[in-house]
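Some notes on the structure that comes next.
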Amino acid sequence: MRILVLGSGAREHAIITALLREDAGHEIVAAPGNAGIAQQVDIVHLDPSNGAVVTEYALENDVQLVVVGPEAPLVAGVADALRTRGIPVFGPGKKAASLEGSKTFAKRVMDEAGVPTGRATRVGTLDEAVAVLDDFGSPYVVKADGLAAGKGVLVTDDRDAAVEHSTYWLQHGPVLVEEFLEGPEVSLFFLSDGHTVVPLSPAQDYKRLLDGDAGPNTGGMGAYSPLPWLADRFGSEKDFVDEVLDTIATPTVRQLESEGTPFIGLLYAGLILTEQGVRVIEFNARFGDPETQVVLPRLVTPLSGLLLAAATGSLGNHESPRFSSDVAVTVVLASEGYPEGAVSGRPVRGLDDATAVAGVHLAHAATARLDDRLIATGGRVLSVVAQGSDFAEARGRVYEALSRIELEGGQYRHDIAERVAR
Ligand code: AMP
Ligand code: GLY
């Protein structure tokens, strides 16, 4: 199959790696990709958020499936442009992508679908914000309504900081003040063809920069899958997944279907497991990063068939995704200064030595080739991924590989999957 993958992060590299692992021998093109992706497939330099340009390329090159990685092209309507011309595309249209692009929209859909989520109030002025903050009390949760590249959410005990965050984001539009939810977080992905919904395997993401969940929120510093501790709480991982499928994912997809804006693509449920039950903290309309780097290596069923079935309304007739019993751990290597002001342009060395460790592979994100050197272009540079028969083995491998990589000022967490590796 000729497949066009849009995006340039480690998530897209992970998707491409999974597609290349299949026996089918796909012809894959990435736009715009990165230096790691360019080692494996062809790159086309087009703007992934320009629907007209992407559609023209897909038509001229007989692309049989477009996979949209990041949220920006979805919110820009790229999937709509492709679908209008009959090109199979994995990714929701602009309206359904509002599940991620607008927290107010997501809350409204959850309300109508009866999906459990935290109480939230949308405010438009600082007076309203302060009143709701004092009503909900500490810890305070304040969220910008629209896409904010991970910077829109503040969770804090500090009332002044909550007020300041509200003041800042109110300049850009409405703000949500939300009830604080306490409990472990789980990311669970679902494939949807607009009607049929099928789950993938759960993962846990580490959002904070530093060990012990200290420091600022980031795009995600590491992840592992599966989550063995779910069995203690829910009987088995499958019981947990089925509960989320029945009470959260299916009702959400059916609600959007009934509104004439079917959700075709990946529904990412960000969940908190509270004492009172599972609650949604956010939906995303695309694969998560770095969770994808640990979920897809464990997928045994060919990914291309699943994505195409979702894109063409035939998930109901497709075999269910199966996962290997191996575990996967990923640790993100970030540039000095990330997330506030990441340093760009430093060389990255030792990648061949890193991948010489058994069970290890890399997913590049912010890398580029300058002459014959690989340089980090700032932010989350790459994900080191290790598979193993248990978490102790996978962790040993991932950290051995990281010790072989040189990046001046590079930072990574040392406690990814520690709690499950004992
Ligand atoms: P979000 O961008 O909505 O995923 O929020 C980023 C992070 O903030 C989440 O991963 C949680 O750790 C935290 N968070 C968001 N909403 C809540 C909430 N209502 N209660 C507690 N923590 C939250
Ligand atoms: N790992 C968080 C996200 O992809 O939004």
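Nothing fancy with the numbering, it's 1 onward along the sequence. Scope of the values below: all heavy atoms of this structure, side chains included, with no hydrogens, waters or symmetry mates. When a ligand or atom number is given, it counts from 1 through the structure's own listing order.
Residue-environment remark: NZ (Lys207) exceeds the threshold of 12 foreign heavy atoms within 6.0 Å. Crowding of Glu22 atom CD: a count of heavy atoms from other residues, nucleotides or ligands under 6.0 Å exceeding 12.
Close approach of ligand 1 to Phe180 (heavy-atom distance below 4.0 Å) involves ligand atoms 20 (N), 21 (C). For ligand 2, the atoms closer than 4.0 angstrom to any heavy atom of Asp205 are 1 (N), 2 (C). The atoms of ligand 2 that sit less than 4.0 Å from any heavy atom of Gly288 are 4 (O). Every atom of ligand 1 is numbered from 1 in the order shown, and the set under 4.0 Å from a heavy atom of Lys143 is 3 (O), 15 (C), 16 (N). Applying the 4.0 Å criterion to heavy atoms of Asn284 picks out, from ligand 2, the atoms 5 (O). The contact set between ligand 1 and Lys103, taken as ligand atoms under 4.0 Å from a residue heavy atom, comprises 3 (O).
Contact between Gly219 and ligand 2 is present, with at least one heavy atom of the residue lying under 4.0 Å from the ligand. In this structure, Glu182 falls outside the shell of residues with a heavy atom less than 4.0 angstrom from ligand 1.
Contacts of Val153 with ligand 1, taken as heavy-atom pairs under 4.0 Å, involve the side chain alone.
Atom OG1 of residue Thr121 and atom NZ of residue Lys107 lie 9.5 Å apart, to the nearest 0.5 angstrom. The CG atom of Asp390 lies 9.5 Å from the CG atom of Asp326; values are rounded to the nearest 0.5 Å.
Between Phe180 and Phe136, the ring centre distance reaches or exceeds 6.0 Å.
By heavy-atom distance, the residue among Met221, Glu291, Arg286, Arg11 lying nearest atom 4 (O) of ligand 2 is Arg286. Residue Tyr268 holds the heavy atom nearest to atom 2 (C) of ligand 2 of all those in Phe287, Tyr268, Tyr206. For the residues Arg119, Glu185, Glu100, the heavy atom positioned nearest atom 10 (O) of ligand 1 is part of Glu185.
Two residues are said to be in side-chain contact when any heavy atoms from C-beta on lie closer than 4.5 Å; Ile248 and Val278 meet this criterion.
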**Request:** Give the C-alpha distance, both sets of side-chain angles, the deciding distance and a yes or no for side chain to side chain donor-acceptor pair (under 3.5 Å) between Asn34 and Ser8.
**Result:** CA-CA 5 Å; Asn34 58 42; Ser8 61; 6.0 Å; no
**Request:** Walk me through it: do Arg279 and Thr274 pass the test side chain to side chain donor-acceptor pair (under 3.5 Å)?
**Result:** CA-CA 7 Å; Arg279 301 278 183 275; Thr274 74; 4.6 Å; no
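Taking only nitrogen or oxygen atoms, main chain and side chain alike, Lys207 does not reach within less than 3.5 Å of ligand 2. Between Val141 and ligand 1, no N or O atom pair is found at a separation short of 3.5 Å.
When only modelled atom types and interatomic distance are considered, Glu393 and Ser389 share a side-chain donor-acceptor pair under 3.5 Å.
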